[in-house]
Asks: 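The structure's right below; bear with me while I get my questions together.
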Amino acid sequence: MARRGKHYSNIGLIRELWEYRELCYFLAWRDIKVRYKQTVLGVLWAVIQPFFTMVIFTLLFGQLAKIPTDGIPGPIFYFSALVPWIYFSSTVTNAGMSLVANSGLLTKIYFPRVLLPAAAALSNLIDFLISSVLLVGFIAYYKIPLGWHLLLWPILVVLLMLLALSLGMFFAALNVKYRDIKYALPFFIQLLLFATPIIYPASMIPERFQWLLALNPLSALIEGFRYVVVPNRTVDWNVLGISMAISAGLFIAAVAYFRSTEKAMADLV
């Protein structure tokens with residue numbers, strides 16, 4: 001029981017997470033196996049979902065609605081945004097539900113509770129990498145030359161994980177107290193889809209409203225992923241810097257809130 005009562009402040013968050021790193025890997029691997037258990041197509045679902053969504057977006061918004069893609073081929077424009085978006089939305093959703101879904105573990109043994117949302121972020125990264133392979137295929141098909149911008153890819157992935165994990169931790173801790181989160185979270189994700197330049201380019205937003213777009217840290221990340229894929233596309237480094245600052249602030253706030261509610265989680269879940 002003394003072990004159960006140990007708080008992060010005793011040995012530090014980073015050190016304790018390092019001690020339990022193998023458990024984090026195990027939880028992530030468990031999530032992957034459960035996700036594709038008894039499925040016919042298995043990990044192909046990681047490609048099917050963004051691919052067919054891209055097809056629908058290309059036909060509906062590109063061909064019928066004539067929404068501009070800033071000179072980028074439609075499939076590249078939509079797919080390069082859908083790959084990080086699907087990772088983000090699924091990670092926030094899965095991480096947000098992770099504590100309640102694993103209530104049995106929380107009441108039986110001690111471990112850093114943050115491992116559950118962290119495992120969700122880690123397991124979804126596999127799907128992200130698989131769908132990224134198809135994106136490479138699109139780049140080769142359209143003969144888009146790659147440049148030094150590709151070096152930004154891992155940095156953007158880390159920032160994407162940080163942002164998704166931050167919101168996932170916040171909603172996970174909140175969901176333990178208020179089960180309304182189960183209904184509010186999908187609605188939040190749906191609204192965020194339209195508030196992020198996925199269907200449309202950021203250039204469609206009037207100049208006087210660009211600052212509103214900058215308040216959504218995911219917007220700069222999505223534009224950044226497009227910039228990596230299409231080197232001749234410009235990226236607003238100031239907005240990307242704001243996104244990084246907001247993401248870092250959200251992570252610090254999420255960790256603080258998660259830690260403040262952790263002791264009572266086993267009793268409330």
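Since the structure is predicted, the reported quantities are computational estimates derived from the model, not experimental observations. Computation of the quantities below employed the complete heavy-atom set of this structure, encompassing side-chain atoms and omitting hydrogens, waters and symmetry-equivalent molecules.
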Asks: Is the backbone of F77 close enough, under 3.5 Å, to the side chain of R226 for a donor and an acceptor to pair up by distance?
Replies: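 Judged by distance alone, yes, a pair lies under 3.5 Å.
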Asks: Rounded to the nearest 0.5 Å, how far apart are OG1 of T69 and CZ of F57?
Replies: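 One gets 14.0 Å once the value is rounded to the nearest 0.5 Å.
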Asks: F187, L185: one ILVMFWY side-chain cluster at the under-4.5 Å cut-off?
Replies: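 Each belongs to a different hydrophobic cluster.
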Asks: Say you draw a straight line from CG of L23 to CZ of R21; how long is it, rounded to the nearest 0.5 Å?
Replies: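 L23 CG to R21 CZ: 11.5 Å, rounded to 0.5 Å.
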Asks: Roughly how far, to the nearest 0.5 Å, is CZ of F188 from CG of L191?
Replies: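 Spacing of CG (L191) from CZ (F188) equals 8.5 Å.
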Asks: I need the K177 NZ to T261 OG1 distance, nearest 0.5 Å.
Replies: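 Answer for the NZ-OG1 pair, K177 versus T261, is 6.5 Å.
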Asks: Distance-only, no hydrogens or angles: does the K66 side chain make a donor-acceptor pair with backbone N or O of Q63 under 3.5 Å?
Replies: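 Side chain of K66 to backbone of Q63, a donor-acceptor pair under 3.5 Å: yes, one is there.
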Asks: Can you give me the closest heavy-atom contact between V83 and S132, atom names plus distance?
Replies: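 Nearest pair, atom of V83 first, then S132: CG1-OG, 3.8 Å.
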Asks: According to side-chain contact (heavy atoms from CB on, under 4.5 Å), who are the partners of Y183, at least two apart in sequence or on a separate chain?
Replies: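 With sequence neighbours excluded, Y183 shows a side-chain contact (heavy atoms from CB on, under 4.5 Å) to no residue whatsoever.
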Asks: Go through the structure and list residues passing ring pair (Phe, Tyr, Trp, His ring centres under 6.0 Å) with Y87, not counting sequence neighbours.
Replies: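 If we apply the ring pair (Phe, Tyr, Trp, His ring centres under 6.0 Å) test to Y87, skipping adjacent residues, the hits are F128.
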Asks: List, one per line, each side-chain donor-acceptor pair under 3.5 Å for residues 152-173, sequence neighbours excluded.
Replies:
{"unit_1": "S166", "atom_1": "OG", "unit_2": "L162", "atom_2": "O", "d": "2.6"}
{"unit_1": "S166", "atom_1": "OG", "unit_2": "F251", "atom_2": "N", "d": "3.4"}

Asks: Going by side-chain contact (heavy atoms from CB on, under 4.5 Å), name the residues that satisfy it together with I139, two or more places apart in sequence or in a different chain.
Replies: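 By the side-chain contact (heavy atoms from CB on, under 4.5 Å) rule, I139 matches I76, L135, I144, L146, V229.
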Asks: Quick one: which residue pairs count as a side chain to side chain donor-acceptor pair (under 3.5 Å) with a foot in residues 119-130, not counting sequence neighbours?
Replies: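 For residues 119-130: R35-S123, R35-N124, R35-D127, Y36-D127, T91-N124.
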Asks: Can you list the residues that meet the side-chain hydrogen bond (donor to acceptor under 3.5 Å, both in side chains) rule with R30, with sequence neighbours excluded?
Replies: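 R30 satisfies side-chain hydrogen bond (donor to acceptor under 3.5 Å, both in side chains) with N102 only.
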Asks: First locate atom CG of L174, then atom CG of D180, and finally report the distance between them rounded to the nearest 0.5 Å.
Replies: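 Between L174 CG and D180 CG, I get 9.0 Å after rounding to 0.5 Å.
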Asks: What are the two closest heavy atoms between I222 and P84, and how far apart are they?
Replies: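 Scanning both residues completely, I find the closest heavy atoms to be CD1-CG, 3.7 Å.
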Asks: Same cluster or not: are L129 and L134 linked, directly or through other Ile, Leu, Val, Met, Phe, Trp or Tyr residues, by side-chain heavy atoms under 4.5 angstrom apart?
Replies: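 Yes, L129 and L134 fall within the same hydrophobic cluster.
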Asks: What closest approach, in Å, do V47 and S131 show between heavy atoms, and which atom pair accounts for it?
Replies: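 Answer, listing the atom of V47 first, then S131: CG2-CA, 4.4 Å.
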Asks: Might you confirm whether atom OH of Y25 has over 12 heavy atoms from other residues, nucleotides or ligands at distances under 6.0 Å?
Replies: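 No, the 6.0 Å shell around OH holds no more than 12 heavy atoms from other groups.
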Asks: Do you know the tightest heavy-atom contact between F88 and L192?
Replies: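 Minimum heavy-atom contact is CE2-CD2, 3.3 Å.
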Asks: Would you say V176 and S103 make side-chain contact, with heavy atoms under 4.5 Å?
Replies: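 When only atoms from C-beta onward are counted, S103 and V176 do not touch, as no gap falls below 4.5 Å.
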Asks: Show the nearest heavy-atom pair for residues M54 and Y78, with the distance to one decimal.
Replies: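 Minimum heavy-atom contact is CG-CB, 4.0 Å.
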Asks: Are Y141 and V133 in one and the same hydrophobic cluster, where Ile, Leu, Val, Met, Phe, Trp and Tyr link if side-chain heavy atoms are under 4.5 Å apart?
Replies: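 The answer is no; the residues belong to distinct hydrophobic clusters.
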Asks: Specify the closest pair of heavy atoms between S219 and A195, including all atoms of both residues, with the distance to one decimal.
Replies: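 In terms of heavy atoms, the two residues are closest at OG-O, 3.9 Å.
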Asks: Please output the side-chain donor-acceptor pairs of residues 238-245 that fall under 3.5 Å, not counting sequence neighbours, one pair per line with the distance.
Replies:
{"unit_1": "S243", "atom_1": "OG", "unit_2": "P217", "atom_2": "O", "d": "2.6"}

Asks: Not counting sequence neighbours, which residues clear side-chain contact (heavy atoms from CB on, under 4.5 Å) with L193? List them please.
Replies: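 If we apply the side-chain contact (heavy atoms from CB on, under 4.5 Å) test to L193, skipping adjacent residues, the hits are W85, I198.
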Asks: When you group the ILVMFWY residues by side-chain heavy-atom contacts below 4.5 Å and let the links chain together, are W29 and I130 in the same group?
Replies: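 Shared cluster, yes.
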Asks: When the side chains of residues 93-101 are checked against the rest of the protein, which donor-acceptor pairs come out under 3.5 Å, sequence neighbours left out?
Replies:
{"unit_1": "T93", "atom_1": "OG1", "unit_2": "S89", "atom_2": "O", "d": "2.8"}
{"unit_1": "N94", "atom_1": "ND2", "unit_2": "S90", "atom_2": "O", "d": "3.2"}
{"unit_1": "S98", "atom_1": "OG", "unit_2": "A95", "atom_2": "O", "d": "2.6"}

Asks: For F138, what residues pass the ring pair (Phe, Tyr, Trp, His ring centres under 6.0 Å) criterion, not counting sequence neighbours?
Replies: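 In terms of ring pair (Phe, Tyr, Trp, His ring centres under 6.0 Å), with neighbours along the sequence ignored, F138 is linked to F79.
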Asks: For residues 187-199, pull every pair meeting side chain to side chain donor-acceptor pair (under 3.5 Å), keeping only residues two or more places apart or in separate chains.
Replies: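 Listed once each, the pairs are T196-N216.
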Asks: Hey, could you give me the CD1/CG distance between I32 and L27, rounded to the nearest 0.5 Å?
Replies: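 Rounded to the nearest 0.5 Å, the CD1-CG separation comes to 11.5 Å.
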Asks: Please name all residues satisfying side-chain contact (heavy atoms from CB on, under 4.5 Å) with I48, sequence neighbours left out, ordered by chain then number.
Replies: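 With neighbours one apart ignored, the set is L41, L44, W45, F52.
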Asks: Taking a hydrophobic cluster as the set of Ile, Leu, Val, Met, Phe, Trp and Tyr residues connected by side-chain heavy atoms closer than 4.5 Å, whether directly or through intermediates, do F194 and L213 fall within one such cluster?
Replies: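 Hydrophobic grouping puts F194 with L213.
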